[in-house]
Novice: 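Please read through the structure below; I'll follow up with questions.
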Amino acid sequence: MKLVFAIIQGEDWKKVREIFIEKNLPLTFFKSSGGFLQEPSITLLTVIEEERLEEVLEILRENCKEREKIIIPPLPSIELLRSVPMPVKIKVGGAIVFVMDVSYFEKI
């Protein structure tokens, strides 16, 4: 058995969740945040048979794509308020995925 632990952007969550339900994949999740923008994300946990690992990874690869976003960075100091911050293009999205072996699993 494998434990898949994935951190995905909140924007991608709805589609991933629908597919997991449609394919009858077990799913536990909680809201999280992090990264440069502190935007909402979802941390997803699933324990699956090793034969379904590639199926889960493919769902994440297909639905958690990296994309560009334009932001206006915060100014580091109040003295810099006289300057006009310039928009910056950054990459967001994608997923951070960990896969671990499970030596014991029991559903109570």
Side-chain angles (χ1 to χ4, degrees):
M1 301 203 74
K2 297 287 185 184
L3 168 63
V4 178
F5 184 119
I7 302 163
I8 65 176
Q9 194 168 42
E11 200 172 308
D12 299 325
W13 167 238
K14 186 177 178 184
K15 181 74 175 176
V16 169
R17 181 172 178 255
E18 286 174 3
I19 295 170
F20 267 67
I21 291 169
E22 179 185 301
K23 294 186 177 273
N24 201 26
L25 287 162
L27 180 63
T28 299
F29 65 94
F30 52 91
K31 293 180 180 178
S32 53
S33 66
F36 176 70
L37 299 176
Q38 294 293 310
E39 288 195 349
S41 59
I42 299 293
T43 299
L44 172 160
L45 300 167
T46 186
V47 176
I48 52 171
E49 296 294 331
E50 195 163 341
E51 299 79 43
R52 296 195 79 181
L53 176 60
E54 195 54 42
E55 178 184 5
V56 167
L57 294 176
E58 196 58 37
I59 292 167
L60 296 172
R61 287 182 191 121
E62 288 294 318
N63 296 284
C64 301
K65 303 263 185 195
E66 194 174 74
R67 54 194 163 268
E68 291 184 340
K69 184 174 185 176
I70 296 174
I71 65 161
I72 298 174
L75 294 173
S77 164
I78 192 119
E79 293 176 16
L80 296 175
L81 286 176
R82 293 184 198 136
S83 64
V84 178
M86 298 299 292
V88 177
K89 191 182 293 185
I90 62 168
K91 291 187 177 188
V92 297
I96 305 294
V97 180
F98 303 91
V99 178
M100 294 168 251
D101 291 325
V102 175
S103 60
Y104 178 77
F105 175 78
E106 179 178 350
K107 191 170 185 177
I108 300 173

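The structure presented is a predicted model; accordingly, all values stated were derived computationally and were not measured.
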Novice: Check this for me: Glu50, atom CD, are more than 12 non-hydrogen atoms of other residues, nucleotides or ligands nearer than 6.0 Å?
Specialist: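 It does not: Glu50 CD has 12 such atoms or fewer within range.
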Novice: Go through the steps to decide whether Glu49 and Lys2 satisfy the test salt bridge (Lys or Arg N to Asp or Glu O under 4.0 Å), and finish with yes or no.
Specialist: CA-CA 6 Å; Glu49 296 294 331; Lys2 297 287 185 184; over 6 Å; no
Novice: Just wondering, do Val47 and Pro26 contact through their side chains at under 4.5 Å, heavy atoms?
Specialist: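 Sidechains of Val47 and Pro26: no contact.
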Novice: Tell me whether Asp12 contacts the main-chain N or O of Ile8 through its side chain, where contact means a donor paired with an acceptor under 3.5 Å.
Specialist: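 Judged by distance alone, no pair lies under 3.5 Å.
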Novice: How long is the span from the CH2 atom in Trp13 to the CG atom in Asn63, to the nearest 0.5 Å?
Specialist: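 One finds 11.5 Å between CH2 of Trp13 and CG of Asn63.
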Novice: Less than 4.5 Å apart, side chain to side chain, heavy atoms only: is that true for Gln9 and Arg67?
Specialist: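 The answer is yes, as the side chains (C-beta and beyond) meet within the 4.5 Å cut-off.
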Novice: Taking the side chain as every heavy atom from C-beta outward, state whether Phe30 and Ile42 have any pair of such atoms under 4.5 Å apart.
Specialist: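 Answer no - side chains too far apart.
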Novice: Would you check if Leu45 and Val4 make a side-chain contact, meaning some heavy-atom pair closer than 4.5 Å?
Specialist: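 No. Closest side-chain heavy atoms not under 4.5 Å.
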Novice: Would you compute the distance between atom CG of Leu57 and atom CD of Glu62 and round it to the nearest 0.5 angstrom?
Specialist: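 Going from CG on Leu57 over to CD on Glu62, the span is 12.0 Å.
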Novice: Answer yes or no: are there more than 12 heavy-atom neighbours, outside Arg17 itself, under 6.0 Å from its atom CZ?
Specialist: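 Counting neighbours around CZ of Arg17, 12 or fewer heavy atoms of other residues, nucleotides or ligands fall under 6.0 Å, so no.
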Novice: Is any side-chain heavy atom of Val99 less than 4.5 Å from a side-chain heavy atom of Leu3?
Specialist: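 With C-beta onward as the side chain, the pair stays apart.
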Novice: Side chains of Leu25 and Leu27: does their closest heavy-atom pair fall under 4.5 Å?
Specialist: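 Counting from C-beta outward, Leu25 and Leu27 never come under 4.5 Å.
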Novice: Might you work through the side chain to side chain contact (heavy atoms under 4.5 Å, CB included) test for Lys23 and Arg52, ending with a clear yes or no?
Specialist: CA-CA 11 Å; Lys23 294 186 177 273; Arg52 296 195 79 181; 4.1 Å; yes
Novice: Going by the rule salt bridge (charged side-chain N to carboxylate O under 4.0 Å, His left out), which residues pair with Glu54 if we only count those two or more places apart in sequence or in a different chain?
Specialist: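 So Glu54 forms a salt bridge (charged side-chain N to carboxylate O under 4.0 Å, His left out) with Arg61.
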Novice: To the closest 0.5 Å, what do you measure between OG (Ser41) and CD (Glu11)?
Specialist: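 Atom-to-atom, Ser41:OG and Glu11:CD are 12.5 Å apart.
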Novice: Could you check Glu18 against Phe20 for side chain to side chain contact (heavy atoms under 4.5 Å, CB included), going step by step and ending with a plain yes or no?
Specialist: CA-CA 6 Å; Glu18 286 174 3; Phe20 267 67; over 6 Å; no
Novice: Rounded to the nearest 0.5 Å, how far apart are CD1 of Ile59 and CD of Glu22?
Specialist: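 The CD atom of Glu22 is 8.5 Å from CD1 of Ile59, to the nearest 0.5 Å.
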Novice: Residues two or more places apart in sequence or in another chain: which of them pass side chain to side chain contact (heavy atoms under 4.5 Å, CB included) with Ile96?
Specialist: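 Only Ile7, Phe98 meet the side chain to side chain contact (heavy atoms under 4.5 Å, CB included) criterion with Ile96.
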Novice: Out of curiosity, Glu55 CD to Ile48 CD1, how far, rounded to the nearest 0.5 Å?
Specialist: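 Nearest 0.5 Å value for the CD-CD1 distance: 8.0 Å.
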Novice: In the structure I gave you, are the side-chain heavy atoms of Lys89 and Ile71 within less than 4.5 Å of one another anywhere?
Specialist: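 A side-chain contact under 4.5 Å is absent here.
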Novice: Taking side chain as C-beta onward, heavy atoms only, is Thr43 less than 4.5 Å from Phe5?
Specialist: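 Yes; the side chains approach each other to less than 4.5 Å.
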Novice: Nearest 0.5 Å, please: how far is NZ in Lys14 from CD1 in Ile19?
Specialist: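 Spacing of CD1 (Ile19) from NZ (Lys14) equals 12.5 Å.
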